[in-house]
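What follows is a set of notes on a single structure, which appears directly below.
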Amino acid sequence: MAAPAPNGNPTVSSLATTVPVQAVLFDIDGTLCDSDPLHHLAFQELLLEIGYNNGVPIDDEFFIKNIAGRSDVEAAQNLFPDWPLEKGLKFLDDKEAKYRSLAKERLVPVKGLGKVVQWVKDHGYKRAAVTNAPRINAELMISLLGLSDFFQAVIIGGEWVAAGMPVVGLATRNPENSLLEAGAALLIKDYEDPKLWAALEKIDREEAKLKKGSA
């Protein structure tokens, strides 16, 4: 991994270390679509129905601290420390159903997604979606985004491990420092960010050199 540039963002050259590229993996939540607001809304509505927090809606700070990025077990324990875990997990299942209902009406792709999807297609790379979301959620989101034919595989959190490959982080919701600490090789705002396309152009140049050298 390349060292961070002076502004704290790793250089675009770091992605070129992947050449030759064989596959591109996309996370779903926060990467293909900014789904956190819909998850927050689903929690908020269902918690209000049961009178949680004396009927005061949970705010962003509470959602980020106790729910976002947590496993179902962690979220259930944070929300309902006095409940049997099974009851808390049932609430989480109901929340996922609520989220899917909201997603059907409101899910939108991250800006520029179609452009980067076309770039991957044009290069003939293998592609997969990887996520910690339940498979039913993952497949619904991919379908709603029109990407069912694009992905050749959908891999759920329990089915894969960290592969040591360079990661592009989208700063949709997560703080940049958190993404860097998690090992992101490049941070971008969305898929139209010039830093991303500079990195992809660098990959193209490096792959062209390899092809020329093997000719």
Side-chain angles (χ1 to χ4, degrees), residues 12 15-39 41-42 69 72 93 95-174 179 182 184-208 210-211:
V12 298
L15 293 190
T17 61
T18 63
V19 173
V21 177
Q22 297 183 6
V24 180
L25 278 61
F26 289 83
D27 191 9
I28 299 178
D29 283 305
T31 304
L32 297 181
C33 52
D34 186 9
S35 51
D36 263 4
L38 297 184
H39 284 291
L41 182 59
D72 281 358
D93 285 341
K95 183 245 101 180
E96 295 297 353
K98 181 70 172 179
Y99 166 78
R100 290 191 292 273
S101 176
L102 293 170
K104 290 176 182 177
E105 302 173 357
R106 308 188 190 188
L107 195 72
V108 295
V110 169
K111 185 178 179 181
L113 177 62
K115 184 179 178 182
V116 78
V117 161
Q118 191 59 52
W119 183 87
V120 175
K121 284 183 178 178
D122 291 344
H123 287 72
Y125 297 140
K126 296 176 182 178
R127 54 262 192 185
V130 294
T131 180
N132 283 321
R135 179 168 291 276
I136 187 173
N137 284 21
E139 293 179 348
L140 173 65
M141 288 187 281
I142 288 170
S143 175
L144 292 172
L145 295 168
L147 297 175
S148 295
D149 293 334
F150 172 72
F151 288 114
Q152 298 160 328
V154 179
I155 305 168
I156 305 304
E159 303 169 353
W160 62 290
V161 295
M165 62 183 66
V167 173
V168 177
L170 272 81
T172 47
R173 295 284 162 183
N174 293 314
L179 293 171
L186 180 67
L187 296 185
I188 60 174
K189 178 181 178 182
D190 53 40
Y191 292 115
E192 293 186 354
D193 194 316
K195 293 192 297 294
L196 172 64
W197 291 97
L200 298 185
E201 288 170 7
K202 175 76 171 176
I203 287 175
D204 283 344
R205 290 195 298 271
E206 293 300 319
E207 292 206 326
L210 282 180
K211 291 177 181 178

Less than 4.0 angstrom from a charged side-chain N to a carboxylate O is my criterion; do Glu207 and Lys211 meet it?
no
I'd like to know if the side chain of Trp197 reaches the main chain of Val116, judged simply by a donor and an acceptor atom lying under 3.5 Å from each other, with no hydrogens or angles considered.
no
The test is side chain to side chain contact (heavy atoms under 4.5 Å, CB included); show your working for Leu147 and Leu113 and say whether it passes.
CA-CA 10 Å; Leu147 297 175; Leu113 177 62; 4.0 Å; yes
Give, for atom NZ of Lys115 and atom CG of Leu200, the distance between the pair rounded to the nearest 0.5 Å.
9.5 Å
Could I get the full list of side chain to side chain donor-acceptor pair (under 3.5 Å) partners for Asp72, not counting sequence neighbours?
none
Identify the heavy atoms of Leu186 and Lys195 that sit nearest to each other, and give their distance.
CD2-O, 3.9 Å
Just wondering, do Met141 and Leu32 contact through their side chains at under 4.5 Å, heavy atoms?
no
Flag the pair Val117 / Arg127 as yes when at least one side-chain heavy-atom distance between them is below 4.5 Å, and no otherwise.
no
Spacing of CG belonging to Asp190 relative to OG1 belonging to Thr31, to within rounding of 0.5 Å:
12.5 Å
Nearest heavy-atom neighbours spanning Ile156 and Ala138
CD1-CB, 4.2 Å
Would you sort out whether Arg106 and Leu38 count as a side chain to side chain contact (heavy atoms under 4.5 Å, CB included), showing the intermediate values?
CA-CA 8 Å; Arg106 308 188 190 188; Leu38 297 184; 3.9 Å; yes
Is there side-chain contact between Trp119 and Tyr191, with at least one heavy-atom pair below 4.5 Å?
no
Using 0.5 Å steps for rounding, measure from the CG atom of Leu170 to the CG atom of Leu196.
8.0 Å
Around Asp122, counting heavy atoms of other residues, nucleotides and ligands shown, do more than 12 lie under 6.0 Å from its CG?
yes
Of all heavy-atom pairs between Thr131 and Ala133, which one has the smallest distance, and what is that distance?
OG1-N, 2.9 Å
How many angstroms lie between CG in Leu41 and OG in Ser35, if you round to the nearest 0.5 Å?
12.5 Å
When you measure from the side chain of Glu192 to the backbone N and O of Lys111, does any donor-acceptor pair fall under 3.5 Å?
no
For the side chain of Gln152 and the backbone of Ala128, is there at least one donor-acceptor N/O pair under 3.5 Å apart?
no
Smallest separation among heavy atoms of Ser143 and Ser148, with atom names
CA-OG, 3.4 Å
Can any side-chain N or O of Arg135 pair as donor or acceptor with the backbone N or O of Val154 at less than 3.5 Å?
yes
Look at the rings of His39 and Tyr99 and say which category their plane angle falls in: under 30° parallel, 30 to 60° tilted, over 60° perpendicular.
parallel
Evaluate side chain to side chain contact (heavy atoms under 4.5 Å, CB included) for Leu140 paired with Lys104, printing each intermediate quantity in order.
CA-CA 8 Å; Leu140 173 65; Lys104 290 176 182 177; 4.2 Å; yes
Nearest atoms (heavy-atom pairs only) where Leu145 meets Val108:
CD2-C, 4.0 Å
Leu144 and Ala103 have their tightest heavy-atom pair at CD1-O, 3.5 Å
